[in-house]
Amino acid sequence: MSAVLSLSGATKRFGGLVAVNQLEFEVAEHEVLGLIGPNGSGKSTTLNLISGALPLTAGTISLRGSRISGLPPQDIARRGVARTFQLVKLLPSMSVLENVMAGAVFGHRRRWGEEAEAQAMAMLEKVGLARRAHAPVGELTYIDTKRVELARTLAGEPKVLLLDEWLAGLNPTELEQGIALIAALRDEGRTIILVEHVMDAIRSLCDRCVVMSSGSKIAEGTTADVLQDKAVIEAYLGADEDA
Amino acid sequence: MDIIFTGLLLGGTYALIALGLNLQYGMARIMNLANGETLVAGGFGAYWFWTGAQLSPLLTVFVVAPLAFAVNWLIYVVILRPLVKRAKSRGQLEVDTILTTFGLSFMAVGIMIALFGGDYFSYSYLATPVRFIGETYGLNRVVAFASAVLIGGALWLWLYRSKAGMAVRAIAVSPESARLVGINVPRISAMAFALGGAVTAAGGALVSTFLTLDASTGVMFTLKALIIVIMGGVGDIRGTVVAAVLLGILETFVATLIDPGLTLAAAYLLFVVILLVRPQGLFGRSQT
Amino acid sequence: MKGMDTKSLGLAGLVLLVAAGLPLVSDAYLLSIGVTIAMYTCLATSWALFSGPTHYISLATAAFFGIGTYTTGIGIEHLPYWMLLPIAGVLGAVVAALVGVATLRLSGVYFVIFTLGLAELIRQIITWGQNVSGAKGIYVLTSITEEHIYWQLLGLAALVFLGGFLIWRSRLGFAVRILGDDEDVARHAGIHTARVKVLLFMIPGAVAAITGAMLAPRYVYVEPSIAFTPMLSFQVVIMALLGGTGRLWGPVVGVIPFTLLWEAISGTFPNQTTLLLGLSFLVIVYLLPRGFVGLIEGGRARMRAGGAMA
């Protein structure tokens with residue numbers, strides 16, 4: 001197993017608060033890794049560290065053995081890490097197609113002109129949104145905005161895809177479509193890190209899971225094993241009691 | 001030694017002006033580019049009362065400050081609040097307020113020119129020398145400095161010892177959380193903005209005792225106040241005072257040893273260094 | 001190239017040709033207004049290329065303009081005039097790049113403040129230099145006439161339009177539209193946002209400096225207070241925003257009426273020009289947030305909707 005992405009000793013402090021503490025894990029090629037844990041356990045912060053949205057306090061993150069931590073987000077994106085945002089971020093003045101072209105033109109594999117447009121169309125096809133290509137993004141339904149964002153990250157042919165609660169806020173029908181979509185990406189052999197709360201999605205999509213609680217890794221292993229783990233169950237139940 | 005004291009005296013008055021701007025930008029979150037015109041208006045008031053009624057500028061402060069408070073309150077409620085309400089993002093509000101307060105600044109200059117003419121104005125008040133450690137200083141500068149310290153001190157006490165002051169500091173840190181603990185954010189913002197205007201106008205009345213002003217010098221003071229606020233840290237009272245004194249000393253240094261025409265250039269140099277090295281301000285905590 | 005593009009290029013060429021004919025038919029007064037309009041067209045259009053999509057309000061126009069004026073003023077003694085224009089452009093672009101590197105990573109407020117003081121900063125340094133060296137203003141004596149200046153400005157305006165047209169269709173143009181919409185997305189999509197902003201800011205820097213260099217012969221006598229008038233920066237901002245920055249042709253739509261209005265007001269009530277500037281800012285913010293372009297396109301959209309219903 002060759003690691004595409006590896007974190008070692010990754011730590012993030014905000015003032016006195018340790019949001020991510022000495023985190024270690026690896027993601028193998030073609031693997032879908034679930035990054036799970038109760039609210040506030042540091043999952044999203046971890047994604048922000050990987051994508052470069054936040055700088056690390058200590059530790060390193062490497063992509064295929066070369067260090068990416070310390071680089072600005074645009075350089076990390078160019079090296080092949082693409083992400084979606086927890087709160088969907090689209091480009092409001094542009095059409096659906098242009099939104100996706102942003103990824104095709106400036107991502108890991110860069111294209112321009114008709115080639116970029118064709119790539120963007122292909123990605124829209126993949127997420128099932130080709131017929132809305134020329135619509136302004138303001139007219140889209142919620143799940144369609146998520147599809148656009150996913151297509152944008154795919155358009156640059158990234159080596160690793162970071163999905164930050166991509167399934168959150170969908171209704172049951174949409175959720176089914178969403179899971180099917182990510183399953184299709186998995187079957188293409190993409191490498192994905194999934195921060196997710198939806199248990200059904202985690203069970204059906206993830207090969208392995210890393211479980212975080214209060215900033216630290218408390219378990220790691222195959223999805224079935226991890227979800228049986230005593231410490232994991234406690235962490236989730238404990239969080240439920242607090243809430 | 002001479003330079004340091006003169007700079008300190010100048011910096012004290014700068015601090016007062018910059019505190020006014022910091023109340024408006026740091027607390028009420030409005031970058032008021034018409035701040036300098038408030039200062040000039042305060043100066044005009046002092047000039048007018050002195051030449052017309054021989055009223056001491058120190059007493060004029062008590063007339064000018066409440067007046068500026070009222071005018072700035074009105075400006076905030078009538079002109080700026082609609083912008084705060086319609087803004088979809090912080091960036092849009094920023095652009096809108098910059099353009100609007102520039103507009104207000106030009107209108108204020110236009111109105112002052114119409115009322116008082118475009119000439120320089122100055123008057124002689126307490127222009128007697130005082131001796132201190134072998135050097136002489138204008139009494140007016142010393143008195144202005146002392147008054148600035150008094151007003152600044154009162155402001156500090158109010159911000160840090162009174163309930164209303166605490167509410168103002170709370171909205172500076174986080175308007176959203178302030179609302180959750182029951183602070184009337186629109187009201188307090190308006191008050192902070194108006195108070196900022198009052199402090200600046202008071203500073204204007206004091207400055208006019210030893211500097212020559214004219215209707216269009218406001219923008220120079222706005223610039224200096226902005227540089228001080230950014231250098232000291234937005235919303236940071238202590239930083240503002242330190243930065244103002246630093247700027248006062250630097251300006252005096254440059255004016256005395258190189259050329260009085262280069263004071264702004266010197267301020268800018270300091271500004272660039274701050275931007276490159278510590279964009280979060282002298283005492284600001286880094287984002288990372 | 002799409003059909004629409006060819007059509008707009010053709011139309012622009014036609015307008016240019018008609019405009020170029022002005023000196024042949026007009027008197028001196030009309031020509032001087034023509035020069036002013038051409039000058040502001042260059043300044044406002046290039047200003048909007050950067051400030052429109054990025055929302056960074058630049059008040060550095062006067063600084064770049066003055067740099068250009070002084071390039072001609074100082075250089076005319078030593079170099080042929082035609083060489084001074086590109087030199088001015090390079091100087092303007094370099095200063096813009098320096099300013100950009102220092103401020104464009106930060107929020108818009110810092111940028112506004114910095115550019116606001118830039119003209120004054122350079123003016124103070126030049127004045128100081130003159131005091132030290134004992135020199136006063138500079139005489140710029142050339143055989144260049146008002147007509148020549150007008151044609152040169154028109155040529156520059158054509159270049160700015162062509163450049164804007166090409167940039168709009170380039171990767172750089174796409175990048176700046178993305179970062180204008182959402183800087184976070186731009187960065188995570190792989191766009192080096194700081195570099196894009198600095199590169200784009202060099203355009204108004206270069207254009208304003210060349211404009212200043214072209215106008216220097218008109219002043220005959222150049223001194224710091226003429227070359228670096230802060231008012232110029234504000235007028236350019238107002239004209240560009242009044243016209244609208246959403247389209248390449250937007251700023252011109254603001255330049256023409258505002259120049260005429262300014263001429264009229266400063267002729268009859270010279271003391272009230274600042275009041276006019278102030279009011280214009282408020283009108284833009286409260287009544288015309290998207291400028292005349294927004295008004296025109298809104299009207300067109302309504303007409304289309306009305307037509308569809310009928």
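We name chains A, B, ... by the order of the sequence lines, and we start the count at 1 in each one.
- For C:Val109, the parts lying near chain B are the backbone and the side chain together; criterion is any non-hydrogen pair under 4.5 Å.
- Using a 4.5 Å heavy-atom cutoff, the side chains of B:Glu94 and C:His55 are not in contact.
- Between C:Phe114 and B:Tyr268, the angle of the ring planes lies from 30° to 60°, which puts this pair in the tilted group.
- In this structure, C:Leu282 and B:Met107 have side chains that are in contact, with non-hydrogen atoms separated by less than 4.5 Å.
- Using non-hydrogen atoms only and a strict 4.5 Å limit, the part of residues 56-64 of chain C facing chain B consists of C:Ile57, C:Leu59.
- Annotation: residues 237-245 of chain C contacts chain B through C:Val237, C:Leu241 [non-hydrogen atoms, separation under 4.5 Å].
- Under the 4.5 Å side-chain criterion, counting only non-hydrogen atoms from C-beta, C:Leu116 is in contact with B:Val219.
- Of the inter-residue distances, the one linking C:Leu279 atom CG with B:Phe106 atom CZ reads 12.0 Å to the nearest 0.5 angstrom.
- Side chains of B:Met31 and C:Ile113 form a contact here, defined as non-hydrogen atoms less than 4.5 Å apart.
- Side-chain atoms of B:Phe271 and C:Leu121, non-hydrogen and from C-beta on, never get closer than 4.5 Å to each other.
- In terms of heavy-atom pairs under 4.5 angstrom with chain C, the leader among B:Leu262, B:Ile258, B:Leu269 is B:Leu262.
- Taking B:Arg86 as the reference, B:Leu83, B:Gln92, B:Asp96, C:Val285 meet the side chain to side chain contact (heavy atoms under 4.5 Å, CB included) condition, with sequence neighbours excluded.
- For B:Glu37, there are no salt bridge (Lys or Arg N to Asp or Glu O under 4.0 Å) partners, not counting sequence neighbours.
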